[in-house]
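Scroll down for the structure; my scribbles are underneath it.
In what follows, chains are A, B, ... by sequence order, proteins preceding strands, each numbered from 1. Note that these values count all heavy atoms, side chains included, but never hydrogens, waters or copies made by symmetry.
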Number of protein chains: 2
Amino acid sequence: MSETPPVPDTRNTAPPAPRRRVNRRDQILRTAAEVFATQGFHNTSLADIAAMLDITPAGVLHHFGSKTGLLTAVLELRDDTEPAPEGGPMLDHLVTTAERNSERPGTTQLYAVLSAESATENHPAQDWFRDRYTILRRDIEGAVLDRLDPEHRGAAGAPGPDGRSAAGAAAAAVIAVMDGLQVQWLLDPEAVDMAEVTGLVIDALVARLSQEG
Amino acid sequence: MSETPPVPDTRNTAPPAPRRRVNRRDQILRTAAEVFATQGFHNTSLADIAAMLDITPAGVLHHFGSKTGLLTAVLELRDDTEPAPEGGPMLDHLVTTAERNSERPGTTQLYAVLSAESATENHPAQDWFRDRYTILRRDIEGAVLDRLDPEHRGAAGAPGPDGRSAAGAAAAAVIAVMDGLQVQWLLDPEAVDMAEVTGLVIDALVARLSQEG
DNA sequence: GTCTATAGATTGATAGAC
DNA sequence: GTCTATCAATCTATAGAC
């Protein structure tokens with residue numbers, strides 16, 4: 001998963017090559033992520049990516065087999081600098097993430113645009129995002145329960161007749177807020193503060209689940 | 001704005017033609033809305049739409065001038081059966097809307113997919129969605145304030161140093177939740193109940209704004 | 001008002017050179 | 001391992017027939 005492949009030992013005293021680009025594949029990956037983010041997947045051509053690297057579209061395809069293969073590789077390339085904590089602190093981490101997202105429009109746009117685009121027929125990233133949401137909901141549901149007083153934990157965690165718990169609904173809500181805010185923010189950065197609103201919703205939901213239903 | 005053009009007076013006693021398709025333009029509009037919803041805008045070709053109507057792509061273009069013109073016309077075609085109420089009841093109406101959206105995946109998908117896609121460079125629907133969000137935030141902010149006790153209304157409505165009020169943050173949150181839930185629901189309809197979660201968030205936010213900050 | 005024929009550019013991908 | 005030449009399919013849009 002590391003982005004840092006082994007560097008050949010040149011055993012010279014010359015200053016180390018300034019973080020030389022390792023191989024073409026990684027270079028293409030970064031460029032593709034950037035262009036998919038700003039243009040979406042379907043609206044991006046292999047020629048767009050190839051042009052930025054001064055090669056032909058087929059040069060790109062060589063490394064990934066198909067345009068879909070390239071997309072899959074881009075999605076796998078998560079740049080989580082810090083690992084997400086477990087349990088209650090995870091909710092604070094989400095606010096921090098929202099704050100960080102405000103400072104990296106590229107990555108924010110990549111996932112905001114692609115997640116919605118994946119909800120179209122036969123989109124190659126559909127399974128990837130469906131699985132991602134399933135895992136996120138489960139983890140955040142746990143984090144919400146962790147934040148509640150033990151006395152409320154039972155009711156909030158108990159699945160209803162539809163198999164979904166109140167904490168699960170809150171988890172879906174938190175993810176949805178973060179996603180929805182990204183679109184609003186990308187269209188109009190001055191209009192919303194993603195971190196502030198995310199924090200507000202988390203606080204409100206935790207407080208709500210700490211009351212009698 | 002009406003979708004019902006004047007019908008020629010035939011003055012006969014024959015049963016009225018059973019809501020006959022009025023003109024080709026409307027027919028194309030409906031078809032385009034359907035295909036844009038399931039495939040997104042950029043991934044839809046004029047040929048896709050034309051094929052469903054058994055005409056050539058140019059036949060489609062005749063009525064709208066360009067593919068972008070067609071998209072604009074589709075967005076203008078809102079199918080709001082019931083008008084949205086003003087003030088506090090608007091929040092209940094949003095829950096009803098979420099419920100109704102669960103029963104019309106096509107329309108839901110249209111706006112969910114296109115709104116995120118519009119956040120890409122030079123997308124023709126960008127202004128349309130930016131304006132739509134601005135208006136929605138303002139209206140829902142008003143609805144939230146309307147729901148609060150008069151004693152809390154001042155604090156929640158007062159703009160902070162960034163020009164945004166707590167009620168405005170709540171409004172952005174409500175819209176974001178509804179949007180984000182749509183993507184999760186489109187990818188996995190069993191996993192979330194859009195109306196339930198929307199209601200939960202609205203209740204939680206209103207309760208939160210009714211407390212001391 | 002409605003549409004087809006056709007153009008001109010661009011697409012993703014294969015085959016094969018180095 | 002890296003890439004170019006090339007292809008067949010598909011794209012939007014113009015020009016003009018009916």
### Message
Please report the distance, rounded to the nearest Å, between CZ in B:Phe41 and C1' in D:dT12.
### Response
11 Å
#### Entry: Carboxylate-amine/guanidinium contact B:Arg132 B:Asp127, below 4.0 Å
no
### Query
Which whole-number value in Å describes the distance from A:His42 NE2 to D:dT10 P?
15 Å
### Summary
Taken to the nearest whole Å, CG/A:Asp48 to C1'/C:dT10 is 10 Å
### Query
Rounded to whole angstroms, how far apart are CD on B:Gln39 and C1' on D:dC11?
14 Å
### Task
Nearest whole angstrom, please: distance from the C1' of C:dG12 to the CD1 of A:Ile28.
15 Å
### Query
Counting side-chain heavy atoms from C-beta on, which of D:dT4, C:dA5, D:dT12 comes nearest to A:Ala58?
D:dT4
### Query
Does A:Ser45 place a side-chain N or O at less than 4.0 Å from the phosphate oxygens OP1/OP2 of C:dT11?
yes
### Task
Quick one: label B:Ile55 by what it contacts on the DNA or RNA (base, sugar-phosphate, nothing), any heavy atom closer than 4.0 Å.
sugar-phosphate
### Query
How would you label the contact of B:Thr44 with the nucleic acid (heavy atoms, under 4.0 Å): base, sugar-phosphate, or nothing?
sugar-phosphate
### Distance, rounded to the nearest Å, where A:Lys67 contributes NZ and D:dT10 contributes P
15 Å
### Task
Report the distance from atom CG of A:Leu110 to atom CZ of A:Phe36, rounding to the nearest 0.5 Å.
9.0 Å
### Query
NA contact type, B:Leu46, heavy-atom cut-off 4.0 Å: base, sugar-phosphate, or nothing?
sugar-phosphate
### Interatomic distance where CG belongs to B:Leu61 and P belongs to C:dA7 [whole Å]
18 Å
### Message
In terms of relative ring orientation, are A:Tyr111 and A:Trp128 parallel, tilted or perpendicular, with 30° and 60° separating the classes?
### Response
parallel
### Query
So, B:Arg130 and A:Gln184: side-chain donor and acceptor under 3.5 Å apart, yes or no?
no
### Task
Verify the contact: side-chain N or O of B:His63 to OP1 or OP2 of C:dC3, cut-off strictly under 4.0 Å; return yes or no.
yes
### Message
Under a 4.0 Å threshold between the charged nitrogen and the carboxylate oxygen, would B:Arg208 count as salt-bridged to B:Asp203?
### Response
no
### Task
Look at the side-chain N and O atoms of A:Arg24 and state whether any lies under 4.0 Å from the OP1 or OP2 oxygen of D:dC3.
yes
### Task
Measure the distance from CD on B:Gln27 to P on C:dG1 and round it to the nearest whole Å.
17 Å
